[in-house]
Amino acid sequence: MKSKTMKQQVTFGMMNHPALDPVPEILKAKKMGFDFVDLTLEPPGAGFETFKLAPVQRAFDKTGLGIVGHTGWHLHGNAAYPEVRRGVAESLLWAARHFSTLGAKTMTYHIHAAVAKYIGLQAAIDAQVETLRYVSEEAGAMGVQIVLEHFHGRPDQFETLDALFDKVPALGFHLDIGHANLSGRENVTNEFCRRYGKRLMHVHISDNRGDVDAHMPLGAGTIDWPTEIGHLKKMGYKRTVTLEVFSSDAEYVAVSLRKARAWFKK
């Protein structure tokens with residue numbers, strides 16, 4: 001399947017719920033007016049034991065939706081145990097193979113830095129680099145670029161990203177504006193854009209009140225969306241934006257999509 005072109009303008013996507021069958025989620029995204037699906041391959045609904053490629057491929061062919069890849073936030077490529085790092089790498093490459101077949105050009109990986117204090121940040125970064133070098137090279141050969149989604153609430157987040165991008169230069173950047181609102185002070189979206197704007201390949205948006213990553217509808221929290229989206233517009237961002245709004249009421253998602261489209265057009 002050829003992926004829908006998503007480079008000339010901002011396009012909006014929905015993430016499938018990882019506990020559900022992804023096929024109905026793809027059809028739901030089409031019905032709600034999204035441009036692509038941020039397909040997350042993680043258990044229980046779309047993990048190694050349950051994911052079936054053929055029906056998912058038929059759903060994308062039927063809807064004509066684009067696709068970007070996503071993997072579970074709980075894959076710790078910086079684990080102190082080398083056998084765990086190998087398992088994480090193989091899990092990521094399993095996902096990359098499926099994303100390549102489906103036509104996705106990017107795949108998000110959540111970075112981690114937290115380890116036992118006596119191990120230290122540098123050891124965690126070195127372990128993460130080991131994992132990412134291998135995965136990035138192997139996935140790149142499949143036509144899939146790894147993009148890093150940053151963590152939040154830690155003062156060393158920029159130090160960690162700087163080191164990873166320096167040592168694995170092929171990596172792209174994934175900005176989560178909700179995460180940027182959880183840094184213990186003002187929203188730091190502008191700082192992320194300033195530092196890593198040239199690498200920016202994907203964006204997640206959801207609201208919160210500055211305390212937890214609540215994935216609220218846009219406008220329900222404390223994020224100043226016109227201001228934060230303005231940083232993206234100022235740098236000429238014209239790629240994919242996923243509404244990571246988790247609600248059992250689809251109307252909240254629909255309202256968020258309308259708001260996002262309006263803010264990016266202004």
Side-chain angles (χ1 to χ4, degrees), residues 6-13 38 68 70 73 77-78 105-114 121-122 124-125 128-129 132-133 136 145-216 218-219 221-244 256 259-266:
M6 296 183 287
K7 292 184 179 180
Q8 301 304 313
Q9 61 181 356
V10 174
T11 55
F12 297 91
D38 198 334
V68 299
H70 197 279
W73 59 269
N78 66 325
K105 301 301 181 185
T106 62
M107 182 179 91
T108 287
Y109 167 69
H110 285 252
I111 65 169
H112 296 271
L121 177 62
Q122 188 57 54
I125 290 173
Q128 194 75 268
V129 167
L132 287 171
R133 276 179 175 162
S136 180
Q145 182 171 6
I146 306 301
V147 296
L148 299 186
E149 181 173 358
H150 56 100
F151 49 89
H152 54 78
R154 291 179 61 87
D156 53 29
Q157 60 183 341
F158 294 118
E159 178 184 353
T160 302
L161 283 167
D162 286 349
L164 296 180
F165 287 136
D166 178 62
K167 295 182 179 181
V168 193
L171 297 169
F173 178 57
H174 171 156
L175 169 67
D176 188 308
I177 295 180
H179 290 181
N181 201 49
L182 299 171
S183 296
R185 52 191 179 94
E186 73 277 2
N187 192 296
V188 290
T189 291
N190 191 39
E191 181 68 6
F192 279 115
C193 290
R194 185 186 69 79
R195 286 174 174 260
Y196 313 119
K198 292 182 179 179
R199 294 180 179 270
L200 183 58
M201 303 188 72
H202 188 47
V203 174
H204 273 184
I205 57 176
S206 65
D207 219 330
N208 60 63
R209 296 192 176 96
D211 49 1
V212 295
D213 193 18
H215 297 284
M216 298 164 66
L218 305 189
T222 60
I223 296 176
D224 181 347
W225 287 105
T227 295
E228 306 310 334
I229 289 173
H231 298 313
L232 294 174
K233 293 169 67 175
K234 184 177 180 179
M235 60 179 286
Y237 183 75
K238 298 288 185 181
R239 298 182 69 96
T240 49
V241 175
T242 293
L243 273 71
E244 205 177 13
S256 295
K259 286 177 177 287
R261 288 193 188 278
W263 284 327
F264 272 94
K265 283 182 178 179
K266 287 182 179 179

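Counting begins at 1 with the first residue of the sequence.
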Considering all heavy atoms, the nearest [X]-[Y] contact:
X	Y	answer
Leu218	Ala260	CD1-CB, 4.0 Å
Cys193	Leu175	SG-CD2, 4.1 Å
Glu244	Asp176	OE1-OD2, 3.3 Å
Thr222	Gly210	OG1-N, 4.0 Å

Any heavy-atom pair between the side chains of [Y] and [X] that's under 4.5 Å?
X	Y	result
Leu148	Phe165	yes
Phe158	Glu191	yes
Leu161	Phe192	yes
Ile177	Leu232	yes
Asn187	Thr227	no

Under 3.5 Å, side chain of [X] to main-chain N/O of [Y], donor-acceptor pair present?
X	Y	answer
Arg199	Pro169	yes
Asp207	Gly221	yes
Tyr109	Leu132	no
Arg133	Val168	no

Margin query: Just checking His204 against His202, ring centres under 6.0 Å apart?
Written below: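 Aromatic pair counts; centres sit under 6.0 Å.
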
Next item on the list: May I ask you to check whether His231 and Tyr237 place their ring centers less than 6.0 Å from one another?
Entry: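 Centroid separation for His231 and Tyr237: 6.0 Å or greater.
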
Checklist line | Trace of the side-chain contact (heavy atoms from CB on, under 4.5 Å) decision for Glu149 with His179 | finding: CA-CA 9 Å; Glu149 181 173 358; His179 290 181; 3.3 Å; yes

Check: Can you tell me if CH2 on Trp263 sees more than 12 non-hydrogen neighbours from other groups inside 6.0 Å?
Finding: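 Atom CH2 in Trp263 is packed in, count exceeds 12.
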
Note to self: Would you say that more than 12 heavy atoms from the other residues, nucleotides or ligands in this model lie under 6.0 Å from the CZ of Arg209, or not?
What the structure shows: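 Not more than 12 within 6.0 Å, no.
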
Checklist line | Between His215 and Asp213: side-chain donor-acceptor atoms closer than 3.5 Å | finding: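 Yes, side-chain donor-acceptor contact under 3.5 Å.
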
Rounded to the nearest 0.5 Å, how far does [atom2] of [Y] lie from [atom1] of [X]?
X	Y	atom1	atom2	value
Lys238	Thr11	NZ	OG1	11.5 Å
Leu243	Ile205	CG	CD1	4.0 Å
Ile146	Met201	CD1	CE	10.5 Å

Note to self: Just to verify, which of Leu121, Asp162, Ile125 counts as forming a side chain to side chain contact (heavy atoms under 4.5 Å, CB included) with Asp156?
What the structure shows: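 Exactly one option meets the side chain to side chain contact (heavy atoms under 4.5 Å, CB included) with Asp156, and it is Leu121.
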
Check: Pick one: which of Asn208, Asp224, Asp211 meets side chain to side chain contact (heavy atoms under 4.5 Å, CB included) with Asn181?
Finding: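 When Asn208, Asp224, Asp211 are each tested with Asn181, the side chain to side chain contact (heavy atoms under 4.5 Å, CB included) holds only for Asn208.
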
Note to self: Please verify the inter-ring angle class for His174 with His110; under 30° counts as parallel, over 60° as perpendicular, anything in between as tilted.
What the structure shows: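 If you compare the ring of His174 with that of His110, the planes turn out tilted.
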
Checklist line | Audit row: Leu182, Val212, side-chain contact (heavy atoms from CB on, under 4.5 Å) steps and yes/no | finding: CA-CA 7 Å; Leu182 299 171; Val212 295; 5.7 Å; no

